[in-house]
Amino acid sequence: MTLDFASIRYGGDYNPEHWPVEKIDEDMELMRRAGVNLVSVGIFGWATAEPTQGAFDFSFYRMVLDRLHANGIGVCMATMTASPPPWLTHRHPEMLPQRVDGVTLSPGARQQYCPSSPVFRQAVGSFVTALAAELGDHPAIRLWHIHNEYGCHIKGCWCDVSAEAFRSWLHHRYGSIEELNRAWTTTFWSQGYSEFAEILPPRVAPTFPNNAQQLDFARFTSDELQDLMRVEVDILRRDTPTVPLTTNFAAVMPPLDLWKWTKDLDVVSFDNYPDPSDPESFRIAAMDYDIVRSFLPEQPWLLMEQAPSAVNWRVRNAPKPAGKMRASSWQAVAHGSDSVLFFQWRASPGGAEKFHSAMVGHTGPDSRVFREITALGNELAAHPEPTGLRTHSDTALLLDWDSWWAGELDSHPTADLKLRDQFLDWHSAISAAAVQTDAVHPAGDLSPYRLIIAPSLYLITQESADNLAGWVNDGGVLVLNYFSGVADERDRIHPGGAPGPLRELVGATVQEWWPLQQGEQLRVSLDGLSGTNSNANNNGADGTRTVGADVFTEDLVLHGAEVVGSYADGGLAGAPAVLRNKVGKGTVYYVSARLDRAGTTAVLQAAGADAGVQPLLPALPDGVEAVRRGDGDAALLFVINHTDESVTVPLPSAMTDLLADNASATDSVQLAGYGVAMLR
Ligand code: GAL
């Protein structure tokens, strides 16, 4: 099922239950003024629509939908299940979630449920069935907004109900207790189980719990939350088969394996709250948007939430200066979103989020934020050009949740190795080089790509290793980071040492990991790296090109790879640090240390040159982003200035900025602070 929007959808969460009903008249007038055409209704409405068990009353929401429809505003209708009402937890305290340390979380906030709780699932099912029957055919509804941010607060549950569900999940996965014992290496520390009944979730224990048990619990938690969503998916597919389904993801984060989750949905939607006080936060947004777009690449995604200005939940909550909200909104559109939606339409008068900014703040429409909101809504309405365009890239980052979970477990060579940091290292270098990127799973279809970058691929299956090897042999260029190919899907070390089934591709083996101490830095010389005009510091005292490294280094034994970078100091001084290996028609780069930006960029440029990857623009000023939306003749090139200084960006050929007042072709684009150009 596809969305077929005529222009970028604009609006946000609309929670009229916070206000006297008379406010709705003003809301309708202001929404029309601001160009609002899609709102999410009822996200936390369960207790309003079912104030006591079975007493369903959707009349308030029907009235709200009628009003929106009469004003030409579409609705992303929430299923309202993210905050179970007090009557439910009061009657069934056994549905409350339990933390890893045994503390049971109380009601009084939101997401107070155990994902496996049969009581909760039953209540969700009966509520969503009633909702679909009452409102499912309302003409205002464009899509269903299932729940809200699964896994945002409840990242797992360790209660007895979850323990029982975990045992069934394990039984299904392994079939017999003998097979589970083998998979979990339970001969270690006398952990052999004689029956499934003995197994518990990995709760707080005297020391490190079994790693394979922790990995399986992470898989179970993602699956269990997804099954909870499927309670709703199944009902909505059955009762409202023509309405598309989405759920808003809070982040690209560990609890949910989004490759699996998004298979249940028609549209991916994503909430994003970059910190306005961090000048580099636009890079995190760029990375997340590229990943999110890749889950269902044949369908635009939706930016379901962002803040009009400040949030309320950081320690210090900076507002967005004038122009920044517009720039970040166009950034999402540039990366493939068909919507710019906010949390929320009107600021709450009370409750935990009363200090969160809104499209209409407490002072009403006569405010800077509302003027910017109105200007952007009208600008988006006047520029439908990007709507529906899909983008394909020839570069991708390799992302696998199994590897992410396993790679960050305890009792490893270092606790400092974080996959999102590595993703950001590489994505930032890629984005600063104006190269367009997707994300792909290691067992996925790699054939569209020329260059693939794999931040630590700690866990790799033989199937994925074969997939990568086939693609490299056919001409792909792979960049593989340190701490890769270490373990298999049971978190057992691959025989013969890392990078395990990727050893032939890399042409080397890791004989020892040398993690660095906190703050420790050393230098790597990249003298053997060709195909680069990198920013690496080539003014070292001895004239060599050196870059910095921290966090992780490795002691390598070569069997075929060429050394293109060596450790210049530290315990591994003189030893190989960065390798290149020709395999079939392709090439593999192996990076054994966490390189700084200059080093990462130098490797990227060499690998990109080997792969024939072309940047979108020859040069980008710092803090400026170039993004292509659409392919071929339909493509639009966005240039976004995320700084408050004006910049001039040279273009490879004459282009026209469709957002400019008097659009005419130019060969460079001038952008004021937070300026945006949409070029054709
Ligand atoms: C999101 C959530 C919204 C609201 C918002 C505040 O994570 O989905 O309901 O709480 O944060 O920034």
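The first residue of the sequence shown is numbered 1, and numbering continues consecutively from there. Both ligands and their constituent atoms are indexed starting at 1 by order of listing. Only heavy atoms go into these numbers, but all of them, side chains included; no hydrogens, no water, no symmetry mates.
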Margin query: Give me the atom names and distance for the closest heavy-atom approach of V676 to A327.
Written below: CG2-CA, 3.8 Å
Next item on the list: Find all atoms of ligand 1 within a distance of less than 4.0 Å from any non-hydrogen atom belonging to E149, and give their numbers and elements.
Entry: 1 (C), 2 (C), 7 (O), 8 (O)
Next item on the list: Fit a plane to each ring of W169 and F166, take the angle between them on a 0 to 90° scale, and name the class: parallel (under 30°), tilted (30 to 60°) or perpendicular (over 60°).
Entry: parallel
Item checked: Q344 heavy atom under 4.0 Å from ligand 1 -> no
Margin query: Any non-hydrogen side-chain atom of L302 less than 4.5 Å from a side-chain atom of N248?
Written below: no
Next item on the list: Provide, to 0.1 Å, the distance between atom 4 (C) of ligand 1 and the closest protein heavy atom, together with that atom's residue and name.
Entry: E353 OE2, 3.3 Å
Next item on the list: Determine whether the side chain, the backbone, both or neither of H153 has a heavy atom under 4.0 Å from any heavy atom of ligand 1.
Entry: neither
Check: For the residue pair F249 and F270, is the inter-centroid distance of their aromatic rings smaller than 6.0 Å?
Finding: no
Next item on the list: Enumerate the atoms of ligand 1 whose separation from the nearest heavy atom of F44 is less than 4.0 angstrom.
Entry: 9 (O)
Notebook entry, point to check: For ligand 1, does N148 get within less than 4.0 Å through its side chain, its backbone, both, or neither, judged by non-hydrogen atoms?
Noted result: side chain
Notebook entry, point to check: Would you call the rings of Y289 and W301 parallel, tilted or perpendicular if under 30° counts as parallel and over 60° as perpendicular?
Noted result: tilted
Notebook entry, point to check: Are the aromatic rings of H147 and Y113 close, with centres under 6.0 Å apart?
Noted result: yes
Next item on the list: For atom 3 (C) of ligand 1, find the nearest protein heavy atom and state the residue, atom name and distance (0.1 Å precision).
Entry: E305 OE1, 3.3 Å
Check: So which heavy atom in the protein is nearest atom 5 (C) of ligand 1, and how far is it from that ligand atom?
Finding: Y273 OH, 3.4 Å
Check: Between W261 and F295, is the gap from one ring center to the other below 6.0 Å?
Finding: no
Notebook entry, point to check: Is the shortest N/O to N/O distance between R110 and ligand 1 below 3.5 Å?
Noted result: yes
Item checked: Short N or O distance, H356 and ligand 1, threshold 3.5 Å exclusive -> yes
